[in-house]
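Reviewing the structure listed below.
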Amino acid sequence: MLDYQRLAELLFPQITTTTADMEARFPQRVLPEGAKVTRFAPSPTGFVHFGGLFPTTVAERLAHQSGGVLYLRIEDTDAKREVPGAAEGLIKTLATYGIEFDEGAIIGEDGKICDKGIYGPYKQSMRAEIYQTYAKQLVLEGKAYPCFTSEEELEELHAIDKKAEIKNTDWQAEAEARQAEKLARRAITMEEIEENIAKGNPFVLRILADGDPEKKIKFTDLVKGNMEIPENDEDFVLLKSDGIPTYHFAHAVDDHLRGTTHVIRGEEWLPSLAKHLQLFRYLGFKTPKYMHIAQIMRLDENGNKKKLSKRDMGANMDDYTRLGYCPEAVCEYVMTLLNSNYEEWRMQNADKSYKDFPFNIKKMSCSGCLFDFNKLGDVSKNVISKMSAEEVTAKVTAWALQFDAEFGKLLESDAEFAKAIFAIGRGGKKPRKDLTTWADAKAYMGFFYDELFALEDSYDEKYDRADIKATLEKFIECFDMADDSNVWFEKIKAIGAELGYTADMKAYKADPAAFKGSVADISMFIRVAVTGKLNSPDMYSVMQILGRDKVVARIENMINSL
RNA sequence: GGCCCGUUGGUCAAGCGGCUAAGACACCGCCCUUUCACGGCGGUAACGGGAGUUCGAUUCUCCCACGGGUCACCA
């Protein structure tokens, strides 16, 4: 039996604070009844990906919908993996997707990370003393002990357990080896510890696990429901040899000290839940509520579902920006996946913000869903169709300036012109839905600009060139910008009638052979000349915006080329 | 391999012991229409398998299969 008092002093001579000091330093929050405190706790090792935005949106909704607090803490406990600037990038990206933090690590005026709120520091690497205070307490209570086996030695012992070879592991042998190791570790004597400390050997602090895996803990997850998990008997690491905690320990201490009410995270954490529950119990903390959110999946080359991981298309939120998806659309899509009744609500509340939606934990799916670009596209089309021409113009321009400078400058050179174009068919009950992303704009309306105008489509060979030519010539003769759309179209019908192309679409459809063609063909002759394409938005509007000179010039060009 | 989670159409999903098993996306057809987009109408398409409980199982129980996750001084 070790002398815990002596051991604690030996291991943590520099720690003079007590857990009571910490409890006093981080007072309990005073919040309205039912207010939820949630957080996003990324490790600064890369960008935000879709799989991360997902639970974060839940955390944001739950906190803000309940009048609670959403905070951000940075889990930079693994110095080896930290990527400079990643934390800043994370925060900025989240902000564009409507995730604003009330508290935690934020970007200050100088562009650097700083703390907001009284529960800081919010970077875990700066809280060593806090964690060590609790660690010391655990040692004092005989619930944790040091282990001097170095990382290298451990790696050697578990050579078979390397990530890459994990599938080929002899699990039986591995389990026995682990058990033996655990017993050996626990048998360390005070003399050995003193000797190691005297030599200055580094150590990790391990929990003295009291669990029996044969016994189950009953547990209720807010989204997964009731489950039973085996107790933890693994003496996992609490503090690494650099004195910084592992995720497990930091999670318990931080979420307790900051009064987190709901821990929302991906379901990949479920297997370590027993460790966390054990730790909360050891530390005498009240356990928060847990919500383990199903992963977003993708299809691999064999048609199997796989967790959407960093390198996958659609993972990096910056991809969406580049592809021209607007954040509103992405949020909208996330909401449809998060709450099964969201779309129904949206149909009845077309003009409201998604933040007005009564988010409901019970409506969350507990199985992982496949990322669907099709659905995202549909949602996006609807979101954009509801925007004003001004808004679309501004957003397309901003996007183009960044990703398609040439196009961006054209749009920017005459915002009114661009706005008029985007106003075609916009507003009203049945708005046009041509744009899925900002990147679609160029193909949709680029022909308005002489710089981008090109004959993308041509006349089918079945049409008599003489008729085309005649149509175009006659049209120029009678074209008058002052005509309203009815008069304008009557003139086109008249041209067709003269050439033997009927304006009676019903009659034409009933018996196409009875006519040379229809006014649809006549319109097409003109459309191709003016837009360079077989398809375009309403041609009368197009001509009104383009102006007489351009319309005539383009038609004349076509006549000359026939 | 152990442990945990999951399994309704191609995708997202309603369903919570009795239904012709919703809806959305995608796909197909028709209508509207000068093209496209929109809109309207309709269509193809699903409860992984096997036991059991029950008068009756998509719904409850068990087993199996399959899929996923996880087994670090990473989070």
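Proteins get letters first, then strands, A, B, ... in listed order; numbering begins at 1 in each. Computation of the quantities below employed the complete heavy-atom set of this structure, encompassing side-chain atoms and omitting hydrogens, waters and symmetry-equivalent molecules.
Atom CG of L308(A) is separated from atom P of G69(B) by 11 Å (rounded to the nearest Å). One can place NZ of K305(A) at 17 Å from P of C66(B), the figure rounded to the nearest angstrom. Distance, I264(A) CD1 to A75(B) P: 21 Å, rounded to whole Å. Atoms CD (E151(A)) and C1' (A72(B)) sit 9 Å apart, rounded to a whole Å. Here U33(B) presents its C1' atom at 10 Å from CZ of F489(A), a figure rounded to the nearest Å. Nucleotide C36(B) holds its C1' atom 10 Å from the CG atom of L534(A), rounded to whole Å. Per the geometry, CE belonging to M539(A) stands 10 Å off P belonging to U35(B), to the nearest Å.
The phosphate of U35(B) has neither OP1 nor OP2 within less than 4.0 Å of any side-chain N or O from S523(A).
Figure legend: R73(A) and F40(A) shown without cation-pi pairing, the cationic atom not lying both under 6.0 angstrom from the six-membered ring centre and within 45 degrees of its axis.
D255(A) has its side chain within reach of R39(A): a pair of non-hydrogen atoms, C-beta onward, lies under 4.5 Å apart.
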Secondary structure of RNA chain B per the Watson-Crick/G-U criterion (both distances under 3.5 Å; [ ] crossing, | other strand, . unpaired) is ((((((((.[[[..)..(....]]].(((((.......)))))....[[[[[..)....]]]]])))))))....
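Applying the ring-ring contact (aromatic ring centres under 6.0 Å, His included) rule to F479(A) yields the partners F475(A); only residues at least two apart in sequence or on another chain are considered. By the side-chain contact (heavy atoms from CB on, under 4.5 Å) test, S367(A) pairs with S365(A), sequence neighbours left out. Residues passing the ring-ring contact (aromatic ring centres under 6.0 Å, His included) test with Y122(A), sequence neighbours excluded: none. Among residues two or more places apart in sequence or in another chain, the side-chain contact (heavy atoms from CB on, under 4.5 Å) test is passed with S385(A) by P431(A), K433(A). Under the ring-ring contact (aromatic ring centres under 6.0 Å, His included) criterion, F47(A) pairs with no residue at all, not counting sequence neighbours. For the ring-ring contact (aromatic ring centres under 6.0 Å, His included) test, residues two or more places apart in sequence or in another chain that qualify with F280(A) are H251(A). Partners of D504(A) according to the side-chain contact (heavy atoms from CB on, under 4.5 Å) rule, which considers only residues two or more places apart in sequence or in another chain, are T502(A), K506(A), A507(A).
Comparing S150(A) and M524(A), the nucleotide of RNA chain B nearest to each residue sits closer to the 5' end for M524(A).
G2(B) and U61(B) have their C1' atoms separated by 25 Å, given to the nearest Å. Between the C1' atoms of C32(B) and A13(B), the separation comes to 31 Å (whole Å). Atom name C1', nucleotides U53(B) and C62(B): the rounded distance is 11 Å, in whole Å.
Comparing U34(B), U70(B), C4(B) against the side chain of K307(A) picks out U70(B) as the nearest. Proximity note for L337(A) (side chain, C-beta onward) versus G15(B), C12(B), U34(B): the nearest is C12(B). If you check C73(B), G68(B), C5(B) against the side chain of K224(A), the one that comes closest is C5(B). Among C74(B), C12(B), A75(B), the nucleotide with an atom closest to any side-chain atom of E75(A) is A75(B).
Under the side-chain hydrogen bond (donor to acceptor under 3.5 Å, both in side chains) criterion, the residue pairs touching residues 219-229 of chain A are K218(A)-E228(A), T220(A)-N226(A), D221(A)-H292(A), K224(A)-E267(A), with sequence neighbours excluded. Note on residues 201-213 of chain A: pairs passing side-chain hydrogen bond (donor to acceptor under 3.5 Å, both in side chains), not counting sequence neighbours, are N196(A)-N201(A), D210(A)-Q278(A), D210(A)-R281(A), D210(A)-Y282(A).
The two residues Y444(A) and I424(A) make their nearest non-hydrogen contact at OH-O, 4.4 Å.
Among the atoms of the strands shown, only primed sugar atoms or phosphate atoms (P, OP1, OP2) are found under 4.0 Å from some heavy atom of S340(A). Residue Q172(A) is classed as having no contact, given no heavy-atom separation below 4.0 Å to the nucleic acid. Using a 4.0 Å heavy-atom distance criterion, V237(A) is classed as a sugar-phosphate-only contact. Using a 4.0 Å heavy-atom criterion, one finds that K306(A) contacts the sugar-phosphate atoms exclusively.
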Can you name the atoms? Protein N/O to nucleotides 39-46 of chain B N/O, anything below 3.5 Å, with the distance.
residue: G39(B); atom: OP1; partner: K433(A); partner atom: NZ; Å: 2.9

Please tabulate, one pair per line, each protein N/O and nucleotide N/O from nucleotides 23-29 of chain B that are separated by under 3.5 Å, including the distance.
residue: A24(B); atom: O2'; partner: E343(A); partner atom: OE2; Å: 3.0
residue: A24(B); atom: O2'; partner: K375(A); partner atom: NZ; Å: 2.3
residue: C25(B); atom: O4'; partner: K375(A); partner atom: NZ; Å: 3.4

